Amino acid sequence: MATADWNPLGETYYRKCEIYSMEWAGLVDLSKFTVAAAAYGGPIALLKDENKLNRGATTNIKPVVSVYNAAGRLLSQIRWSSGRIMKMGWTIMEDLLFVQDDGVVLVYDMFLGFKRTFSMGQEAKDVKILDARIFTSFQGTGVAVMTTSFRIFLITNTESPRIIRLAEVPDLNAVPNCWDIVVMDRQVRALVGKGSELYIVDQGGQYQKQDPKTEKEEIGDYLDLAVSFNNKFVVLFTGKGHIWMGSSDLLNCFGEFETKTAAKPQQLAWCGNGAVVALWDRFLLVVGPQKYWIKFNFECPVYLLPEVDGLRIIGNEQHEFLQRVPPVTEQIFKIGSMEPGAMLYEANREYQKQHQKADEYLRMIKERLDVAVNQCIQAAGHEFEASKQKQLLRAASFGKCFLTDFRPESFVNMSQMLRVLNQVRHHTVGIPLTYTQLEHLSMPVLIDRLVLRKLFGLAILICQYLKIPDAEGQSRIMAHWACYKVQQKHVDEEQLARVISQKLLERPGVSFSEIASVALEHGRRQLAVKLLDYEPRASEQVPLLLKMGQLQPSLNKAIESGDTDLVYTVLLHLRDNQEPSQFYMMIHTMPIAFSLFIQYCRHQNLVLVEKMWEQEDNQAEIAYTKIVRSYGEDTMDIRTKILEESSHCFHRVGNIFAEKQVEEQIKLLKHQRKLEDEMGLSFVDMSLQQTLHKLTLEGAHMAADKLRKEFKVPDKRWWWMRAMALAESGDWAELEKFSKSKKPPIGMEAFVDVCMKHHNKQEALKYLSRVLPDHKVKALVKVGQLREAAEQAAENKNEDELIYVLGKVKVADKQLADNIRQKIEQLGSRR
Amino acid sequence: MATGAAHLSSSKLNLGLLRDFYRREFLECIDKCLGTKAIVWDDGLTGPFGLIAEYSLLKDHEVEKMFPLRTGSLPPSNVQNIVFLTRPRLELMEKIAQNLHHEETKGGYKKEFHLIFVPRKSLLCERKLKEKGVYGSFSTVEEFNMTLIPFDADLLSMEMNDAFKECYLENDFTSMYYAAQSLMTLQALYGTIQYIHGKGDCAKQVVDMMRRMRDEMGGREPQVLPQIDTLLILDRTVDLLTPLLYQLTYEGLIDEIFGINNTSIKLPAERLGPQPSQEGVESKKVILNSADTLFAELRDKNFNAVGSIVSKKAKLITAEFGERHAAKTIGEMKQFVSKLPHLQATRQSLATHTSIAELVKECTDADDFIDALRCQQEFINGLETDKVHPLVEECIAKSEKLSKVLRLICIQSICNDGLKPKVMDFYKREIIQTYGFEHIVTLNNLEKVGMLRPHGARTYQVIRKSLKLIVEEVNEQNPTDIAYVYSGYAPLSVRLAQYLARPGWRSITEVLNLLPGPKVEEVQQIPAALRKRRSSISSSQSSTGEQKLTLIFFLGGVTFAEIAALRFLAQQDDVGGELIVAATSIITSDRLLDSMGGDCCGTMEESPQ
């Protein structure tokens, strides 16, 4: 009978089924140990309990800590060598925490490898702690301690401990009977029972006295309390044997129960969200909200561990699971159930017996066959035994045949999940997850947990089976495997590198740098170097290479990546950690590194740039850098000196032209300096042409002429400069004189130009007559004599010129435009 | 959908997606600091960010104040957070440090400081801030990886004006790394690009980096249906001539004359005609993008064709306004009224572009422009290139803008395959004596990047002839060849793109070998599930009738005339397919040459007297 192990509790049923017979049977007596088990089918830690051994108050023997999987298989064992352990418990990452009496928390992995340690604060250290709680917060796993001064300190995340002090309970000067942590709305509070009073204290320094509503007048002192897995419910146990259950804000009461015993239970816990269990030695009482109850007797002491959907009961021989029979299971198996699922299940059984009744059952639920199939699928998920799962899935599969548009995903998914669950429940793995727990935990986390247990092979098989993308599945697992592998000191590095690279090289998304850094942590440098060579991400690879002192490779890799920032990271590291000559030798052969370093130097100091080029013996670059640097110098002597050096550099490389230019510049600077002294005007930093221009403006024609000769200024430029400067200064007489000094190499039209530029038509006209016919049209246009321009163009018989003039004619002057068009036509017809 | 960016979504590749992506990322970035905030902007970022996030959006995210990044002290404000938004440049770090020092002496209400680098953090900058003792003042230091800014439906720019200088002069390939990253971002949004072609050293670098980045992703590749078929990456050094030439398209000329900054220009207000403009406003901002349908039509036309289009439009609109007199029934009237907003917008746009065209025409009609253009035409036809050109000599003698002088000399150098020593030394000496000795550095820089070089092997004529760069008969009104954008010269870069599309680069192997830098070809594997199904196996290009999409990435900048030519290409049937253009920045000859100036040189925009 499927319902044989069902116990009614009011309208619901509870069932207790064995999940493992413990491998430790006969070897372990739980009554001698402190037990801590991790939720979601996690491992069990045992600590030899001095008190339980009755050896007297103080023994110097250090206790032994052992970790077993949920099936009682020993995973690891160590002799404790640190301080006195007050509390032991697991984090959600399946790390084992030990809280010592001095408030120090030590973190170990499942295989009892030490990870790290942190403290719960100065006060805990100074006055010691009385008790501790390990709880699940919204950020991870939290730890709370109560000091001997009855103050509570807590952290909400063991990964980044930040100590929070809770408010004090008023007038608390004795050990409270009971206390626990409640996490609600991202707030962590403590519930403290002090005699017959109950307080909630919070982070904000507030305390609140609580008076849970009860049907009894007096319920006595609060002896024990427990918070449900989801933190929504609380159960209280009082000195008069009264059980009160309700919401965790203590405002709503769901039920009360009289146990008629005043003895404080050894353990008080929630079983899912629907019932509370209390344990006295070998007697377990299950209490529901409506005063219904069930009792169980055990042959040996047991340990209770609440899960999200039930309660694990760990004993010397057996590991059992107590849960409310899931509603869907109830619908199918409850005696006399008329639910479609139940009918389908029956139909399938008859069908297997090849009995016609199968058809009758099916007809009865024809309309609701899809519901029936879904019920069977769901119910299969809640079974531990493979044979029952199969029966239910077969029923579902049978029903599915009669449905035309049933989507198979739910069936396929459930089959896959069950296959995975059955695998991890196997006693060698020892993770007794229920389907509900797996839904909470999620598949990636389950895979992580397998990896934590070093069950790499199984994890990979599951990933392959579920077709999880490589990057999230297989590759990641392989990477973890590699990290584990590099820690195996007995294997040869050469061989390890080969094995790891063989397995991981073609895998996308494997972080070789992570594996390498693990290798490095374990002192295997050579291996780390080898592994790092496979890392595709330069940004990960380069810093580690630097850390390992692999300077040249780190520079090569950084350059290859093209990431300038990475190259600078290496370059500056090299410069700071090496002799200059060594550093230079290194970047000498790498043009990109060299150029980038030059850029860096350019921002710092140009002298540095010169030094770099000196190392390269690049005289031309030195020369140009010196020129740029000379402009930053204030005193003329230094400027001249740097320029002289620059000219020597040009000389050395045979750049005669540049050498000459620098020399001329030095000469020019000297002249300008002299002119400044003589005329009281500034000239330095002007070009030669600007100097001449300014001199002309100032009327210093002699000085200008002298410079012109010395620097061999070409005629045309001299003439333009002079004409423009004279026009600008309005020295029209001098301009005219200049125009007559000889035949202007720039043409007389230039004089028209400069006059018009300064809007002096009067002067411009003076030169007009001397403009050669070829340039006359443009000159006439410039002075605005369009009609004359048109005539000149016609005279020149030049069509282009005519068109040019036409383009300048204003729209209003229609007569002229027509005139010109006519002329163009005439020209055209004559041809 | 993001507001004010409808024009980005009008092409086959919806660049609005990219904009939305940046918006989301940016908001996520600034939302990290809680409470009211003031943003201190690096000037170089205000333009690009204006295209991504409008002020009202920032306001919704508690941005109450905006300040430009300046030396000295920050203006007073009572916000909880100060967010510095800056490019990773050392000189900007100085300013930030000063701001923070002043804030610390101020006292009063304690503010939190945040620093966001665009597009990436930089070790050197962080070191600088540490040296200045302010790095610790920042609560957060973030990076916001915005590299490619959508300018228009088919145009993306990284707005890195110094990319050319950094890569080819300073050997600093940071911007190429950003370019590779931006291409990875594009692939994340629009799928893996199957075919990659490239020419030039930097193109090779970028493709190498992309390959590395793909490896680094380790199999986490974008699961997006590929929308871009081909990527063409071109180094600016492959075609240095084109950006030096005078652009003759409408948009190109506007950029050369006024300088388009992040799709907008500033014009003298009084020249924009009788508009309801406020008193005292000297300049008016005009936004130039395809949201303005008239501009979309005009932008890529040869300027000589603009006048007739504008006048045609003017007549059309007058006629349409005239319809109201013809409207008799209420129905007709209603129809007219419903068209009114559109008509008014068109009329407004028509007025604006008439004014702009007039301003442009003033410049193009000027003697010096015509002379320079004539000189340029001589050079590209290979005439008068081996001796000192009288116009260049005259320009120097008249101390005209150095950028103009250098432009002509560089064109001459390229068209003559380098200058003879005598000519070269003459030009150099003239420039040094006229514009100042400091330009010996500028000239050296130009030689380093190859814009100016001593006489060498003859290649220009070969390239010119085999790629048909010179087109004699150009119809500027109804063009038949890309050469219309330079009135007779077809940009080499665009010719390369044209040959790649059809018949393929194999037909021009010899020419490609004459151009500098390696040729790059790469095929990126696309997961089978994302491959396009071809209806027939035999023909790979035209069978499905589906248009191919090609992305062309210019490393070192692109000109508007080139973009116009590419748009023209995309419309031609024989090329088949749409084109998207991306570049490190939009350049003009002036901007390109200006970046070549040495540290000790001022701007070349001003003439020295």
Side-chain angles (χ1 to χ4, degrees), chain A residues 469-471 475 507-511 536-539 560-566 568-569 572 591-592 594-596 598-600 602-603 620 624 627-628 630-632 657-658 661-662 664-665 668 685-690 693 711 713-714 716-721 724-725 728 746 778 807-808, chain B residues 88 90-91 120-124 127-128 166 170-178 180 205-206 208-209 212-213 215-221 365 367 370 390 393-394 396-399 421 424-426 428-441 444-445 598-601 608-609:
Chain A
D470 265 3
S475 303
R507 304 237 148 257
V510 168
S511 167
R537 286 169 303 169
S539 55
E560 264 174 41
S561 78
D563 183 346
T564 316
D565 219 39
L566 209 52
Y568 276 127
T569 311
L572 297 184
I592 291 183
F594 190 84
S595 315
L596 285 177
I598 291 271
Q599 286 309 308
Y600 170 74
R602 197 163 281 162
H603 284 294
Y624 284 114
I627 290 173
V628 176
S630 78
Y631 282 89
F657 175 79
Q661 294 309 311
V662 182
E664 289 207 341
Q665 172 65 7
L668 178 63
D685 278 343
M686 281 184 163
S687 70
L688 175 64
Q689 184 87 340
Q690 286 164 324
H693 187 91
F711 288 93
V713 175
K716 280 189 198 164
R717 207 171 86 222
W718 167 254
W719 276 77
W720 268 112
M721 183 286 296
M724 284 160 80
E728 190 183 334
I746 51 175
K778 269 194 184 175
K808 302 286 176 186
Chain B
L90 289 172
E91 65 272 18
R120 268 190 100 210
K121 285 184 195 174
S122 129
L123 177 81
L124 294 185
R127 263 176 104 108
K128 183 92 187 173
E166 285 168 6
E170 294 170 346
N171 223 1
D172 174 355
F173 296 104
T174 313
S175 50
M176 294 304 105
Y177 187 73
Y178 294 154
Q205 287 244 14
V206 169
D208 286 348
M209 283 188 233
R212 271 195 76 91
M213 287 171 182
D215 288 347
E216 288 190 8
M217 287 201 300
R220 291 188 199 88
E221 278 171 42
D365 279 356
D367 286 346
I370 293 170
E393 199 183 354
E394 188 185 318
I396 299 175
K398 286 158 85 176
S399 298
M424 178 82 107
D425 285 356
F426 176 81
K428 279 188 180 172
R429 188 162 174 272
E430 286 289 282
I431 288 170
I432 290 170
Q433 288 200 348
T434 306
Y435 300 94
F437 172 69
E438 63 269 29
H439 288 292
I440 195 171
V441 182
N444 182 40
N445 289 347
D599 295 337
C600 50
C601 311
Q609 283 164 19

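Owing to the predicted nature of the structure, the values given are computational and were not obtained by experimental measurement. Each chain gets a letter, A, B and so on, in the order its sequence line appears, and its residues count up from 1.
Your options are A:Ala658, A:Ala725, A:Ser595, A:Pro591, and the one with the most heavy-atom pairs under 4.5 Å with chain B is A:Ser595. Looking only at heavy-atom pairs under 4.5 Å with chain B, the residue among A:Ser561, A:Ser539, A:Pro469, A:Gly807 that has the most is A:Ser561.
For a residue to count as touching a neighbouring chain, one of its non-hydrogen atoms must lie under 4.5 Å from one of that chain's; by this rule B:Glu430 touches chain A with backbone and side chain alike. No part of A:Ser630 comes within reach of chain B, as not one of its non-hydrogen atoms sits under 4.5 angstrom from that chain. Contact of B:Leu90 with chain A is made through the side chain alone, with heavy-atom distances under 4.5 Å. Using a 4.5 Å cut-off between heavy atoms, A:Gln661 contacts chain B through both its backbone and its side chain. The contact between B:Arg429 and chain A is made by backbone and side chain atoms together, counting heavy-atom distances below 4.5 Å. Looking at A:Ala620, there are no atoms closer than 4.5 Å to chain B (heavy atoms on both sides), in backbone or side chain. In this structure, chain B has no heavy atom under 4.5 Å from any part of A:Phe594.
Here the CZ atom belonging to A:Phe657 is positioned 9.0 Å from the CE atom belonging to B:Met424, to the nearest 0.5 angstrom. Distance CG/B:Asn171 to CD/A:Gln599: 9.0 Å, rounded to 0.5 Å.
Remark: the backbone N or O of B:Glu438 is paired with a side-chain donor or acceptor of A:Tyr631 at under 3.5 angstrom.
A:Glu664 is not listed as a side-chain neighbour of B:Ile432, based on a closest heavy-atom distance of 4.5 Å or more. The side-chain heavy atoms of B:Glu170 and A:Arg602, taken from C-beta on, include a pair separated by under 4.5 Å. In this structure, B:Gln205 and A:Ile592 have side chains that are in contact, with non-hydrogen atoms separated by less than 4.5 Å. For the pair B:Arg120 and A:Asp563, the minimum side-chain heavy-atom distance is below 4.5 Å. No side-chain heavy atom of A:Lys716 sits under 4.5 Å from any side-chain heavy atom of B:Glu394. You'll find the side chain of B:Gln433 reaches within 4.5 Å of the side chain of A:Arg717, heavy atoms only. Looking at B:Ile440 and A:Tyr624, their side chains come closer than 4.5 Å, going by heavy atoms from C-beta outward.
Nearest approach of B:Lys121 to A:Asp565, heavy atoms of both residues: O-OD2, 3.6 Å.
Exactly one residue among A:Ile627, A:Asp685, A:Leu688 makes a side chain to side chain contact (heavy atoms under 4.5 Å, CB included) with B:Phe437. That residue is A:Ile627.
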